[in-house]
Amino acid sequence: MASLCPYGRFTHAVVRGIPESFGKAADGSGDATSTDLAKAQRQFGVLMGALRQKVGLQLIEIPADSELPESWRIEDVAVIMGDTALITRPWKQQRRSEVEAVRRVVTELNLSVVEMGVEEGGSGGATLEGSDVLFTGREFFVGISKHTNHRGAEVLADTFRDFAVSTVPVYGGFRLKNICSMGGPDTIIISNSEGARKTLRMMEQLTDHHYEVLTVPEDAASNCVYVRGSAKVDYLLHPTAEECPNSVTAFQKLPDYTLLPTACSEASKLGGSLSSFCLLINRKPHAY
Amino acid sequence: MVMCQVTMLDGSQFPCEVEKRAKGQYLFFKVCETLNLLEKDYFGLSFKDNTDQTCWLDPLKEMKRQIRNAPWNFSFNVKFYPPDPSQLTEDITRYLLCLQLRQDIASGRLPCSFVTHALLGSYTLQAELGDHDPDEHRTDYISDFHFAPSQTREMEEKVVELHKSHRGMTPAQADTQFLENAKKLSMFGVDLHHAKDSEGVDIMLGVCANGLLIYKDRLRINRFAWPKILKISYKRSNFYIKIRPGETEQFESTVGFKLPNHRAAKRLWKVCVENHTFFRLMTPEQPTKAKFLTLGSKFRYSGRTQAQTRQASSLIDRPAPYFQRTSSKRISRSLDGAPVISVISDGSGPEGGKENGRDPALELSSDSKEDEEPSDGAAAAATTAAASNSAEEDADESEATLRKSKLRVQGENIYVRHSNLMLEDLDKTQDDVLKHQASISELKRSFMEATPEPRPSQWDKRLTASPATSLRLQAQGKSPPRMETFLPESKDVVKSADDKQKSEAVAAATAAQPVVEIEETVIVEEVRKTPKPAAAASEVLEVQAVASQEPQEAAKVAVEEKKPAIEASISSDSESEEEAEYHPQTTSVSVEQIKEEPEEEQEEAELNKQEPSPEPEPIAVAEPEIAPAPVPVQPVVEDGTPNAKEEAQPVVDVVDDGIVEEEMMLTPDEAPNGYSAEDMQGLGSLEEEEQEPRMNGDASHVETEHLPQVICCSEPPVVKTEMVTISDTFAAQKTEIATKEVPIVHTETKTITYEAAQLDGSGDGEPGVLMTAQTITSESLCTTTTTHITKTLKGGLSETRIEKRIVITGDSDIDHDQALAQAIKEAKEQHPDMSVTRVVVHKETELAEDED
């Protein structure tokens with residue numbers, strides 16, 4: 001049972017390259033002129049380097065596909081916990097074909113694959129995107145947002161039956177992971193915005209556990225990637241001081257952490273964040 | 001002797017012969033003995049009632065009364081799932097817990113992922129078969145085991161694979177590993193109940209060690225930890241929890257849920273009470289001993305709490321008992337066969353069924369008074385057999401009293417009323433009530449001849465002990481209206497007081513007993529009103545009867561049956577409940593809280609001033625104390641007044657659901673001479689200082705020589721109600737909230753009222769001067785006690801009236817008669833110097849339920 005492992009143990013990361021069409025959302029909502037493709041690709045490269053060389057994860061990169069301008073947000077299309085991968089059903093119709101490549105990869109990794117799509121009949125209209133899902137190691141919080149609905153959360157709960165799955169509201173058009181992320185086995189990093197505080201209150205109300213809460217003044221700073229390295233080193237990838245000047249000191253409060261400032265300014269123009277880029281997987285046999 | 005069949009956790013049957021009248025614990029102990037189980041507090045016996053709901057067998061009640069017509073078949077189950085099984089002392093306890101969990105998992109009651117199914121299954125194999133033996137254990141060796149609701153070949157292969165990895169693990173270790181994994185499942189120990197939220201959406205309520213969880217489908221949408229819950233109640237098929245205000249919130253809120261039926265609501269309520277007590281308290285809530293008017297209807301968990309059982313098991317000193325781990329094969333088979341599984345498989349599960357919904361008897365904790373009341377039917381019949389169940393002493397006493405009063409009083413009337421009214425017509429209720437007249441004597445007789453109860457209740461004892469005061473019972477049933485208009489009532493009280501005699505001082509004397517209820521918060525409110533004509537308000541009805549000082553008055557017994565709308569009663573609840581805090585274990589809490597409120601203290605001070613003469617007069621003493629801590633007050637009162645005549649009016653409302661409302665009115669009258677004068681003076685000064693607003697007396701009455709203070713009287717006879725207490729504000733708000741939430745349900749209400757003869761009519765027209773009025777509300781998880789104390793000056797006499805209303809949200813049926821008798825006794829005991837003028841027992845039931 002994965003629930004035996006504290007949050008943060010990962011062996012693999014699955015990522016997907018930045019397509020040429022980056023920033024040109026199929027629905028035209030993205031403003032292509034505002035994003036810098038080359039810079040985005042550079043930042044993506046830096047992130048991959050950090051994950052591979054600093055954190056020490058095995059990286060699996062799915063090639064970019066310019067037919068799928070948002071496919072770099074790989075976090076949205078699967079929720080992986082333990083040996084189980086739930087292939088999600090993104091809210092946007094155009095994004096649903098993104099799941100195919102991911103499904104292939106997780107299958108190759110011998111994860112047991114659960115399809116949200118196939119339940120469509122019964123769960124008509126279920127939508128869920130991974131960026132609305134916060135797994136704490138003990139339980140799931142699912143942000144009910146524009147992208148994720150209750151039916152989607154139910155499918156998730158049905159998939160990961162060992163865990164409590166709580167739904168929380170997300171305000172301001174964000175996704176749950178735009179305002180919070182895990183900063184350690186029992187640590188939640190969360191933005192100090194009003195909406196985020198409301199969400200946090202709900203999380204605190206719903207949980208049976210106690211989490212440390214690291215509050216950061218900027219929304220952008222609330223999305224980090226935490227990995228517990230093999231040498232028991234705590235790695236935290238967080239946005240750079242340029243992106244969140246006021247929050248850097250907060251990260252420095254984390255004791256004995258190896259902080260890895262990683263830029264993702266281009267992605268954040270599109271509502272993305274560090275965690276959007278990767279699916280973290282633990283393929284080490286569990287310590288049964 | 002009857003033969004019981006108990007299905008054990010390993011699927012075997014344990015036949016056991018028991019006496020027909022044996023209590024649940026007899027069989028339970030037999031089973032535990034057979035199992036060689038010492039840590040038994042986590043377990044219980046369940047049975048299926050005739051609606052196929054799983055209920056817990058109450059150890060303190062006769063089995064026969066619980067199962068009713070169902071067969072004597074029971075099932076031994078885990079009742080409280082220890083959140084940390086590693087803290088159990090003995091392996092055998094853990095083994096039994098494993099067996100229960102295997103059932104839970106196989107039946108789907110405890111959902112698991114595939115991986116977890118496989119892992120737990122592998123530990124089961126290790127525990128029961130030992131190391132995997134490739135020769136002996138071919139791949140199909142596990143097909144006899146039942147690991148999951150839907151067991152696949154793939155899963156079995158996974159189980160075997162994992163089984164191989166457990167080589168060398170002892171059965172006890174395997175069990176421990178099993179539990180360590182199982183306890184992390186999010187639904188471990190969660191007892192689910194179907195319900196609807198306020199918008200009619202289907203949800204599930206899950207009761208567990210930590211509190212109450214709300215699920216929609218599989219999603220957790222809310223959670224109320226025990227510390228957040230101030231009160232749990234149910235009414236008909238509605239279940240309510242009152243939530244402590246959050247940091248940013250000012251007021252408490254009440255959340256209501258709709259259960260499928262009354263019984264389900266009751267069952268859920270009981271499960272909550274039991275789980276809360278077991279997991280959150282150090283010791284079980286003290287039943288009702290020191291409490292005010294406690295009616296038996298209060299269900300309490302009577303067993304040991306987890307803390308106690310842990311402590312007890314730490315003392316276990318015996319070699320680990322040998323026990324045979326039966327093969328799961330048997331389990332799986334029996335599961336297939338279904339009897340076992342069926343028990344578990346229904347959503348309610350063992351925990352769900354904790355209470356026996358149908359048990360007519362009220363559950364009190366072990367020592368509590370016996371509240372075993374006759375079934376609902378009795379209520380209707382209350383007329384004929386009033387107090388049938390009440391204890392002997394009760395009966396005797398009341399009889400004696402009644403007779404006395406009879407003698408003195410000429411006309412006695414008995415009213416039997418039946419009506420089906422919707423509460424909405426509160427005002428009309430009384431009028432609309434059909435009246436059946438029976439001869440008083442009959443009624444009385446039946447009342448007197450009530451069957452003695454086996455053990456004397458606290459009430460009884462007290463009552464017996466109490467000096468012979470004239471008991472006047474006036475019964476008018478209409479609790480619900482009262483509840484709503486609590487404040488108005490107080491007015492009423494005042495009025496009545498006026499009516500009675502000349503000067504009536506309504507002093508707030510708390511009837512509170514020396515020991516305040518655990519978990520209760522007492523709130524003191526001051527209400528000042530001008531006397532009104534009593535008769536005017538329909539609501540007033542009850543109150544009117546109130547205090548007549550003369551012992552000799554005729555007793556009227558009116559039995560009414562009504563079907564009022566729910567709202568009234570509920571709203572009333574909310575009103576009285578303001579600001580109660582939930583302090584599970586602290587006895588002193590209430591006191592402290594009270595003190596915290598400056599206003600109350602002020603009152604105290606005032607009171608003191610008012611009543612200079614401390615000892616001789618109960619009133620004087622009582623009042624000062626009341627404000628600070630209700631507790632001390634009571635004793636004082638009792639000691640009190642030689643001179644003063646007191647009237648105690650306990651009004652008991654018993655609601656079928658288990659809501660019992662008791663009102664007690666105690667009115668000590670002070671002799672016009674000595675004390676009263678002093679008091680008056682004191683009052684006067686007070687008034688001058690602080691009480692201007694309060695004064696609503698009739699000038700005319702007040703005028704009596706003694707009271708220069710009459711000043712107050714000068715004020716218009718208009719009734720002013722002031723809520724002095726901080727709590728008031730809250731109260732109002734809360735009330736509103738509660739009211740909104742209350743759905744209107746058709747209910748049946750039965751009310752029995754005993755009322756002492758009315759005072760001389762003189763009082764009616766002439767209001768006295770209300771000196772003080774105080775309302776104290778205390779609330780526990782399932783009980784709300786409202787004490788309203790008024791002191792009125794009329795002419796040279798002061799009268800203190802104590803009105804108590806206790807609303808008990810109970811599960812079991814309450815016997816009106818007994819409740820009434822108890823109320824009287826209690827009242828008398830607590831305030832020997834006062835006379836009881838009226839007792840009302842009011843019972844509300846959901847109609848459908850009644851038919852059961």
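Numbered from 1 within each chain, the chains take letters A, B, ... in sequence-line order. Only a predicted model underlies this, so the values are computations on that prediction, with no experimental measurement involved.
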Which atom pairs, donor and acceptor, lie under 3.5 Å between side-chain atoms of residues 197-204 of chain A and protein residues at least two apart or in another chain?
from     : atom 1 : to       : atom 2 : distance (Å)
A:Arg197 : NH1    : A:Asn192 : O      : 2.7
A:Arg197 : NH1    : A:Asn192 : OD1    : 3.4
A:Thr199 : OG1    : A:Pro169 : O      : 2.8
A:Thr199 : OG1    : A:Gly195 : O      : 3.1

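Residue contact with chain B, scored on non-hydrogen atoms closer than 4.5 Å, is absent for A:Ser112.
Residues satisfying the side-chain hydrogen bond (donor to acceptor under 3.5 Å, both in side chains) test with B:Ser86, not counting sequence neighbours, are B:Asp84.
With A:Asp162 contributing its side chain and B:Leu185 its backbone, the two residues share no donor-acceptor pair below 3.5 Å. A:Gln205 places no side-chain N or O within donor-acceptor distance of the main-chain N or O of B:Phe224, the cut-off being under 3.5 Å.
The structure places CZ of A:Phe160 at 15.0 Å from SG of B:Cys112, a figure rounded to the nearest 0.5 Å.
Contact record, B:Ile221 with A:Leu206: C-CD2, 3.4 Å, taken as the closest heavy-atom pair. Shortest non-hydrogen contact noted between B:Ser186 and A:Ala164 is CB-N, 3.1 Å.
Counting heavy-atom pairs closer than 4.5 Å to chain A, the top residue among B:Leu110, B:Leu213, B:Asn222 is B:Asn222. Comparing B:Leu219, B:Asp217, B:Ile214 by how many heavy-atom pairs each has under 4.5 Å with chain A, the most go to B:Leu219.
Under the 4.0 Å criterion applied to side-chain N and carboxylate O atoms, B:Arg220 and A:Asp208 are assigned as salt-bridge partners.
Within the 4.5 Å cutoff, side-chain heavy atoms of A:Arg161 are placed close to those of B:Arg218.
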